[in-house]
Amino acid sequence: MPDKKVPTRTCICCRNEFPKRELIRVVKSQDGIFVDLTGKADGRGAYLCGGAECMKKFKKSKSLDRAFKIAVPSEVYDKVEEAILEKR
C-alpha cells in the first residue's frame with residue numbers, strides 16, 4: 001500500500017512548505033481575524049511557521065494584509081504574535 005499523503009501548506013512569510021500540522025493557522029471569517037488552534041474553523045486561512053526570522057518579518061511585511069487582501073489593524077498582528085509565542 002502506498003504511504004498516506006501528508007498535506008502541506010506554505011508559510012506566508014518565508015514562503016517555505018511545511019506539513020500542515022506544523023504550521024499555525026490564522027483565519028479571516030465573519031467573526032474577524034483570529035488564530036485557529038484546531039485548524040478546522042470556517043473562513044479563509046493563512047499559515048505561519050512561527051520561526052524566529054518569520055516573526056521578525058511578519059509585522060513589518062504586512063503578511064496578513066497580502067494574504068487576506070484587506071487592511072489588517074496592528075492589534076490583530078499583536079494578538080497573532082502572542083498566540084504564536086504561547087504555542088511554542
Note to self: Quick check: is Ile70 connected to Val27 through a chain of hydrophobic side chains (ILVMFWY, heavy atoms under 4.5 Å apart)?
What the structure shows: no
Notebook entry, point to check: salt bridge (Lys or Arg N to Asp or Glu O under 4.0 Å): which pairs involve residues 61-78, sequence neighbours left out?
Noted result: Lys59-Asp78
Note to self: Taking Val26 as the starting point, is it possible to reach Ile84 by hopping between hydrophobic residues whose side chains are less than 4.5 Å apart?
What the structure shows: yes
With a cut-off of 3.5 Å and sequence neighbours excluded, list every side-chain donor-acceptor pair involving residues 33-44.
{"unit_1": "Asp36", "atom_1": "OD1", "unit_2": "Thr38", "atom_2": "N", "d": "3.2"}
{"unit_1": "Asp36", "atom_1": "OD1", "unit_2": "Thr38", "atom_2": "OG1", "d": "2.7"}
{"unit_1": "Asp36", "atom_1": "OD1", "unit_2": "Gly39", "atom_2": "N", "d": "3.1"}
{"unit_1": "Asp36", "atom_1": "OD2", "unit_2": "Arg25", "atom_2": "NH1", "d": "2.8"}
{"unit_1": "Asp36", "atom_1": "OD2", "unit_2": "Gly39", "atom_2": "N", "d": "3.1"}
{"unit_1": "Asp36", "atom_1": "OD2", "unit_2": "Lys40", "atom_2": "N", "d": "3.0"}
{"unit_1": "Asp36", "atom_1": "OD2", "unit_2": "Ala41", "atom_2": "N", "d": "3.0"}
{"unit_1": "Thr38", "atom_1": "OG1", "unit_2": "Lys40", "atom_2": "N", "d": "3.2"}

Note to self: For Phe58, give me all partners under ring pair (Phe, Tyr, Trp, His ring centres under 6.0 Å), at least two apart in sequence or on another chain.
What the structure shows: Tyr77
Notebook entry, point to check: What residues form a side-chain hydrogen bond (donor to acceptor under 3.5 Å, both in side chains) with Ser29, not counting sequence neighbours?
Noted result: none
Next item on the list: Consider only side-chain heavy atoms of I, L, V, M, F, W and Y, link residues closer than 4.5 Å, and tell whether Ile12 and Met55 are in one cluster.
Entry: yes
Next item on the list: Enumerate the residue pairs fulfilling side chain to side chain donor-acceptor pair (under 3.5 Å) with a member in residues 48-58, sequence neighbours excluded, ordered by first and then second residue.
Entry: none
For residues 13-23, dump all side-chain donor-acceptor pairs below 3.5 Å to protein atoms at least two apart in sequence or in another chain.
{"unit_1": "Glu17", "atom_1": "OE1", "unit_2": "Thr8", "atom_2": "OG1", "d": "3.3"}

Check: Do you know which two heavy atoms are closest between Ile24 and Gly50, and how far apart they sit?
Finding: CD1-CA, 4.3 Å
